[in-house]
Amino acid sequence: MTIGSALRASGSGMHAERMRLDVISANIANANSIQTPEQDAYRRKLVILEATDNGVRIESVIEDESPLRSVSEPDNPMADARGVVYYSNVNPVMEMVNMMSATRSYEANIAAFNSTKSMLQSALNIGRV
């Protein structure tokens with residue numbers, strides 16, 4: 001692996017983890033959305049990553065097809081005929097765990113990038129008098 005490819009791999013990893021953090025933030029922001037007559041409740045989104053020769057690539061962002069959370073709230077104006085309100089399928093606790101994982105992965109890519117950069121600087125200083 002060359003120094004350039006190591007820098008590219010770390011950079012692509014940082015980009016992928018930043019995208020994961022953006023999607024996780026959107027999931028958390030919409031965790032309490034409800035289904036209305038016009039539209040479904042927000043569905044959790046997932047980032048699908050793919051390994052490549054130069055690091056990682058964002059393959060796609062997909063919706064989680066798990067069922068919406070149903071809560072019996074007969075007094076809610078958005079309740080259906082049975083008195084059930086459908087909320088987003090986002091679990092805020094799980095999203096926070098995913099956010100910590102993405103943050104740590106981002107930090108690991110920064111550390112790898114900085115180590116590679118330090119090696120490059122040391123190699124350039126070898127020839128100096």
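Since this is a predicted model, take the numbers as computed values, not measurements. Quick note: residue numbers are just sequence positions, from 1.
Hydrophobic cluster membership differs between Leu68 and Val71, with clusters built from Ile, Leu, Val, Met, Phe, Trp and Tyr side chains linked at under 4.5 angstrom. Cluster annotation: Tyr106 and Met99 are assigned to distinct hydrophobic clusters (Ile/Leu/Val/Met/Phe/Trp/Tyr, side-chain heavy-atom contacts under 4.5 Å, transitive). The hydrophobic cluster containing Ile110 also contains Leu7, counting ILVMFWY residues as joined when their side-chain heavy atoms lie under 4.5 angstrom apart, directly or transitively. Met19 and Met14 fall into different hydrophobic clusters, where Ile, Leu, Val, Met, Phe, Trp and Tyr side chains are chained together by heavy-atom contacts under 4.5 Å. Val61 and Leu49 fall within the same hydrophobic cluster, defined by Ile, Leu, Val, Met, Phe, Trp and Tyr side-chain heavy atoms under 4.5 Å apart, directly or through other members.
Rounding to the nearest 0.5 angstrom, the gap separating the CG atom in Asp40 from the CD1 atom in Ile34 is 12.0 Å. Gln35 contributes atom CD, which lies 10.5 Å from atom OG of Ser70 (distance to the nearest 0.5 angstrom). Atom CD of Glu63 is separated from atom CZ of Arg43 by 7.0 Å, given to the nearest 0.5 angstrom. Distance check, rounded to the nearest 0.5 Å: CD1 of Ile3 to CE of Met119 gives 6.5 Å. The line from CG of Asp64 to CD1 of Ile62 is 7.5 Å long, rounded to the nearest 0.5 Å. Taken to the nearest 0.5 Å, the OG1 atom of Thr116 stands 11.5 Å off from the CZ atom of Arg8.
At distances below 3.5 Å, not a single donor-acceptor pair connects side-chain atoms of Arg44 with backbone N or O atoms of Glu65. Remark: side-chain polar atoms of Ser60 are not paired, donor with acceptor, to backbone N or O of Ile48 under 3.5 angstrom.
Taking the side chain as every heavy atom from C-beta outward, Arg20 and Ser101 approach each other to under 4.5 Å. Using a 4.5 Å heavy-atom cutoff, the side chains of Glu95 and Ile24 are in contact. Contact of the Leu21 side chain with the Thr103 side chain is registered, since non-hydrogen atoms from C-beta on lie closer than 4.5 Å. By the 4.5 Å heavy-atom criterion applied to side chains, Ser12 and Val56 are counted as neighbours. Taking the side chain as every heavy atom from C-beta outward, Ile58 and Val47 approach each other to under 4.5 Å.
Side-chain contact annotation: Ser10 with Asn109, donor-acceptor N/O pair under 3.5 Å absent. Between the side chains of Ser115 and Ser118, not a single donor N or O lies within less than 3.5 Å of an accepting N or O. For the residue pair Asn54 and Thr52, no side-chain donor N or O sits within less than 3.5 Å of a side-chain acceptor on the partner. Using modelled atom types and a 3.5 Å distance limit, the side chains of Asn89 and Tyr42 yield no donor-acceptor pair.
Nearest heavy-atom pair across Pro92 and Ala31 is CG-CB, 4.0 Å. Residues Asn30 and Ala26 approach most closely at ND2-O, 2.8 Å, considering heavy atoms.
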Arg57 vs Glu59, side chain to side chain contact (heavy atoms under 4.5 Å, CB included): CA-CA, chis, key distance, verdict: CA-CA 6 Å; Arg57 175 180 87 75; Glu59 184 177 314; 4.1 Å; yes

From CA spacing to verdict: side chain to side chain contact (heavy atoms under 4.5 Å, CB included), Asn27, Met94: CA-CA 11 Å; Asn27 287 343; Met94 185 58 94; over 6 Å; no

Throw together a table of side-chain donor-acceptor distances under 3.5 angstrom for residues 80-87, partners on residues two or more places apart or in other chains.
residue: Asp80; atom: OD1; partner: Arg82; partner atom: N; Å: 3.1
residue: Asp80; atom: OD1; partner: Gly83; partner atom: N; Å: 3.2
residue: Asp80; atom: OD1; partner: Val84; partner atom: N; Å: 2.9
residue: Arg82; atom: NH2; partner: Tyr86; partner atom: OH; Å: 2.7
residue: Tyr87; atom: OH; partner: Glu73; partner atom: OE1; Å: 3.1
residue: Tyr87; atom: OH; partner: Glu73; partner atom: OE2; Å: 3.0

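Counting non-hydrogen atoms of other residues, nucleotides and ligands closer than 6.0 Å to CZ of Arg104 gives a total of 12 or fewer.
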